[in-house]
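What follows is a set of notes on a single structure, which appears directly below.
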There are 2 protein chains.
Amino acid sequence: MKKVTINSVAQYAGVSKKTVSRVLNNEPNVSPATREKVLKVFKELDYRPNPIARGLARNKSFIIGCLYDNPSKSYITRVQSGALEACHKHNYNLLIHPCELRGEALIDNIDQLLTTSRLDGLVLTPPFSDSRELIDFLKQKNINYALVASAIQDDESISICSNDEQGAYELTEHLIALGHTDIAFIKGHPDHSATENRFNGYKRALEQHQIPLQERLVAEGNFSYHSGADSAKAILDMTPRPSAVFASNDYMAAAVLKLATQRQLRVPEDLSIAGFDNAPIARHIWPGLTTIAQPVEEMTRLAVEQLIMQISEPQEQVYQRVLEARLITRESTAKNH
Amino acid sequence: MKKVTINSVAQYAGVSKKTVSRVLNNEPNVSPATREKVLKVFKELDYRPNPIARGLARNKSFIIGCLYDNPSKSYITRVQSGALEACHKHNYNLLIHPCELRGEALIDNIDQLLTTSRLDGLVLTPPFSDSRELIDFLKQKNINYALVASAIQDDESISICSNDEQGAYELTEHLIALGHTDIAFIKGHPDHSATENRFNGYKRALEQHQIPLQERLVAEGNFSYHSGADSAKAILDMTPRPSAVFASNDYMAAAVLKLATQRQLRVPEDLSIAGFDNAPIARHIWPGLTTIAQPVEEMTRLAVEQLIMQISEPQEQVYQRVLEARLITRESTAKNH
DNA sequence: CAACATTATGACACCGGTGTCAGATGGAGG
DNA sequence: CCTCCATCTGACACCGGTGTCATAATGTTG
C-alpha cells in the first residue's frame with residue numbers, strides 16, 4: 001500500500017512529472033497519445049493529487065470560508081447545504097466560521113482567520129453581507145467574497161439575494177385581502193438589510209390599499225424567539241388589539257402564537273399570525289404558519305459558484321441576481337370577521 | 001506589504017530558518033537568548049506560519065472532518081459548535097461532511113473524502129458512530145476518529161456519550177409519578193443506538209414500577225417530524241387512548257402535540273406529552289415540552305479534544321466517558337386524573 | 001587540562017506539487 | 001533539402017515549512 005505521488009505516476013508512465021502535472025490540470029500542449037497514457041496510469045494506480053502540495057505551489061487552499069452570526073439553526077444549515085453543494089462540485093471545501101458581527105474585534109478576527117487558514121474566498125451571510133466595514137476590508141486585502149441576501153449591489157461584489165420587499169408585500173396583501181387592516185408588524189434585527197426590506201414591503205402594501213400605517217403597531221425585534229416573545233406581549237396587550245400580526249421571521253411568529261395560545265386566543269379566528277422564512281417550525285406547530293419561502297440553498301449555491309469562478313478566472317463583470325420569494329399559506333391566517 | 005515567511009524572519013533575526021522552526025514549534029535545544037530574539041522578530045514582523053507548507057512537510061492538514069446524517073438542524077449546529085470550539089483551541093479547522101449512512105457507497109465516499117482532503121481525523125456523530133463497518137474501515141486505514149453518542153466502547157475508540165438509558169428512565173418515572181400507566185412510546189431511527197437505549201430506559205422504569213409493557217403502545221419512528229406525525233395518528237386513534245406519550249425526540253413529540261391540538265385534545269389535561277433532546281422547538285411551542293437535555297456541545301467538544309490529543313501524541317489508553325442527561329419539566333406533562 | 005558528554009546551531013535534502021524556460025520534435029513553406 | 005515556426009517535453013528552481021545529521025559551542029568529569 002505505497003503512497004501514489006506524482007513522481008511514481010511519472011516514472012510508471014515514463015514521462016516527466018511536469019507532463020503529469022499538465023495532464024492533471026488539463027493544460028494544452030500535451031499530445032493526445034501522452035495524455036491518454038498518463039490518464040490510464042492515473043486509473044491504474046488510483047492516483048489522487050495531494051491538495052496540500054498543490055495549495056503550496058499555487059498559493060491556494062481550495063477552501064472557502066462561510067461567515068455567519070444568526071440565531072436560526074435552520075437558516076444556517078440551509079446556507080451550509082447550498083454552499084457545500086457548490087464547493088463539492090468544484091473540489092473545494094467549506095470552512096465554517098460562526099462569529100459575532102458586534103464582536104469587539106471583527107476585523108481582527110477575520111484577518112486572523114484569513115492568514116491562518118489561507119482561505120481562497122469568503123461567503124458572507126447576513127448580517128455580515130451588509131457590513132460595509134468588513135467588505136471594504138476584504139476589498140483592500142484583495143480577498144474574493146460573495147454576498148448572500150445583501151442589500152449591497154455595487155458592481156464589484158458578487159451578490160445574490162431574494163426579494164424580501166416583494167415577499168413582505170405579498171404577505172401583507174394576503175392579510176389585507178382577508179379583511180385585516182390593523183396588522184401589527186414585528187421588525188427584525190437592525191443589522192440585517194432584510195429587516196428594512198421586509199418592513200418596506202409591509203408599508204408599501206398598506207399604502208397601496210390606502211391603509212394608514214400605525215406606528216403603535218410596529219414593534220422592534222431582532223429575529224430571535226426571545227425578542228418575538230417580548231414583542232408579542234406588547235402587541236397582545238394593546239387596546240384595541242390588532243387582528244393580525246406579521247412577524248419578520250418564523251421564530252418570532254412562533255413566539256406570538258405561543259403567547260396567544262397561552263392566553264386562550266384562538267388562532268386564526270381571533271388573531272391571524274404570519275411569519276417569514278418558512279423555517280421548519282412553521283409547519284411543526286399548530287396552526288401552521290403562513291409565511292414566505294426563500295430559496296436560501298439556491299442563493300448560497302449560486303453565490304459560492306460565482307465566487308469559485310471568480311477565484312479561478314477573475315472577471316470584469318460581476319454576477320448579481322435577485323431570486324423570487326414565494327407566499328405559503330397555512331392555517332395561521334384567516335378572514336377577519 | 002511583503003509576505004513574511006520563515007526565510008525573512010530568519011534573515012531578519014540573523015539565524016537559520018531551522019532555528020526559527022524550532023522556536024515556532026517549541027522544540028528544545030534553543031538557547032533562551034536566541035528564542036527571545038526570534039520571538040521578538042515574530043512580533044515585529046507579525047509573522048504567521050503558513051499552515052499549508054507546514055501541512056506538506058509534516059503530512060498533516062490540521063483539519064478535522066465531521067460526519068453527520070441527521071434530520072435535526074439543532075442537533076447538527078450544536079455538534080458543530082462543540083467541535084469548532086475544540087478545533088479553534090488547538091488551531092485546527094473543521095470540515096463538515098453531511099452524507100448518508102445508507103448511501104450506496106458510504107465507504108467509497110469517505111475514502112474519497114479522506115484522500116482528497118487529507119483529514120487528520122474524523123468525528124463520527126450518530127448514526128455513523130454506531131457503524132461497525134465504517135469504524136473497521138477507519139481502523140484498517142489507520143485514521144484517527146472519535147465517536148459521539150455511540151454505544152461502542154471498545155478500548156480502541158475515543159467515545160463520549162450521554163446516558164440515554166438513564167434519561168429515558170427518569171422521564172418515564174416522572175410520568176409514572178404523575179399517575180400515568182398507559183404511556184405510549186415512539187421509537188427513534190433503528191440505526192441510532194440512542195433508539196434502543198431510550199427504549200430500554202422506558203422499559204426499565206415500567207418494570208421497576210410493576211407496570212406491564214404493552215406492545216400495542218410502542219410505535220416505530222425515525223426521529224423525523226414526519227415519522228412522529230404518522231405515529232401520532234396511530235396512537236391517538238387507539239382505544240383506549242393512552243394518557244401519555246413519550247417520543248424519542250422533541251420533533252416527534254411536537255408532531256404528537258400538533259395532532260393532539262388539531263383534534264381539540266387539551267395538553268396536558270387530556271394527554272401528557274414528553275420528548276427527548278431539549279431541542280429549541282421544545283420551548284418554542286405551547287405547551288412547552290417536558291424533555292431530557294443532553295450535553296451535546298460538551299460531548300462533541302470532549303470528543304474532538306481527545307481526538308486532537310490522540311493525533312498529536314498517540315496514546316495507549318483511550319478516553320471514554322459517559323455524561324449525564326437531565327430532566328427538564330415543562331407544561332406538556334401533568335397529573336393523570 | 002585533556003577527554004568526553006551535552007547543548008545549540010545550521011546546511012541541506014525533502015514533502016508533492018507548479019512555473020519557467022530551454023531544447024527536442026515535427027510539419028509547412030520556400 | 002533547409003529554414004522557420006508551432007507544438008511537445010523535461011530539467012530545474014521554487015512554494016514555505018520540517019527532518020536529519022554534522023559540526024560548533026559549552027559544560028562536566030577525572
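Below, chain A is the first sequence line, B the second, and so on; all start at residue 1.
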### Proximity to the side chain of S16(B) - top-ranked nucleotide from dT7(D), dA11(C), dG19(D)
dA11(C)

### Task
Calculate the interatomic distance between Q11(B) atom CD and dG17(D) atom P; express it in whole Å.
14 Å

### Task
On DNA chain C, check which nucleotide each of R35(B) and A53(B) is closest to and give me the residue with the more 5' one.
R35(B)

### Message
Let's see if you can work this out: which of dG16(D), dA8(C), dC15(C) has an atom nearest to the side-chain heavy atoms of K3(B)?
### Response
dG16(D)

### Query
Which of the following nucleotides, dA11(D), dA11(C), dG17(C), is nearest to the side chain of A57(A)?
dG17(C)

### Query
Among the nucleotides dT7(C), dG16(D), dT20(D), which one has an atom lying closest to any side-chain atom of K18(B)?
dT20(D)

### Task
Specify the separation, in whole Å, of atom CZ of F62(B) and atom C1' of dG17(D).
11 Å

### Task
Measure the distance from NZ on K17(B) to C1' on dG10(C) and round it to the nearest whole Å.
12 Å

### Message
Over all strands shown, is V15(B) touching base, sugar-phosphate only, or nothing at heavy-atom distances under 4.0 angstrom?
### Response
sugar-phosphate

### Check against side-chain hydrogen bond (donor to acceptor under 3.5 Å, both in side chains), T116(B) and N91(A)
CA-CA 9 Å; T116(B) 59; N91(A) 284 314; over 6 Å; no

### Query
Could you give the CG-to-C1' distance, from N29(B) to dG10(C), as a whole number of Å?
13 Å

### Expected output: side-chain S129(A) to main-chain L147(A) donor-acceptor under 3.5 Å
no

### Message
Nearest heavy atom decides the nucleotide; on that basis, is P49(A) or P28(B) closer to the 5' end of DNA chain C?
### Response
P28(B)

### Message
Less than 4.0 angstrom between a side-chain N/O of Y47(B) and OP1 or OP2 of dG17(D), yes or no?
### Response
yes

### Task
Flag the pair S159(A) / I152(A) as yes when at least one side-chain heavy-atom distance between them is below 4.5 Å, and no otherwise.
no

### Query
Looking at dG16(C), dT18(D), dG17(C), which one has an atom nearest to any side-chain atom of L24(B)?
dT18(D)

### Task
Flag the pair D136(A) and K141(A) as a salt bridge only when some basic side-chain nitrogen lies within less than 4.0 angstrom of an acidic carboxylate oxygen.
no

### Message
On the nucleotide dG16(D), are OP1 or OP2 found under 4.0 Å from the side-chain N or O atoms that R54(B) carries?
### Response
no

### Message
Check this one for me: any side-chain N or O of T34(B) less than 4.0 Å away from OP1 or OP2 of dT9(C)?
### Response
yes

### Query
Start at the 5' end of DNA chain D and walk down; is the nucleotide closest to N50(B) or to R22(B) reached first?
N50(B)

### Task
Taking only the side-chain heavy atoms of S31(B) (C-beta and beyond), determine which of dT18(C), dG16(D), dA8(C) contains the nearest atom.
dA8(C)

### Query
Within a reach of under 6.0 Å around OH of Y319(B), are more than 12 heavy atoms found that belong to other residues, nucleotides or ligands?
yes

### Distance, rounded to the nearest Å, where E27(A) contributes CD and dT9(D) contributes P
13 Å

### Task
Decide whether S31(A) and T34(A) meet the rule of one side-chain donor and one side-chain acceptor closer than 3.5 Å.
yes

### Query
What is the distance from CZ of R58(B) to C1' of dG16(C), rounded to the nearest Å?
17 Å

### Query
OP1 or OP2 of dT9(C) less than 4.0 angstrom from a side-chain nitrogen or oxygen of T19(B), does that happen here?
no

### Task
Quick one: label N25(B) by what it contacts on the DNA or RNA (base, sugar-phosphate, nothing), any heavy atom closer than 4.0 Å.
sugar-phosphate

### Query
For F42(A) and dG16(C), what is the distance between atoms CZ and C1' respectively, to the nearest whole Å?
13 Å

### Task
Mind calculating the distance between CZ (R118(A)) and P (dC15(D)) to the nearest angstrom?
13 Å

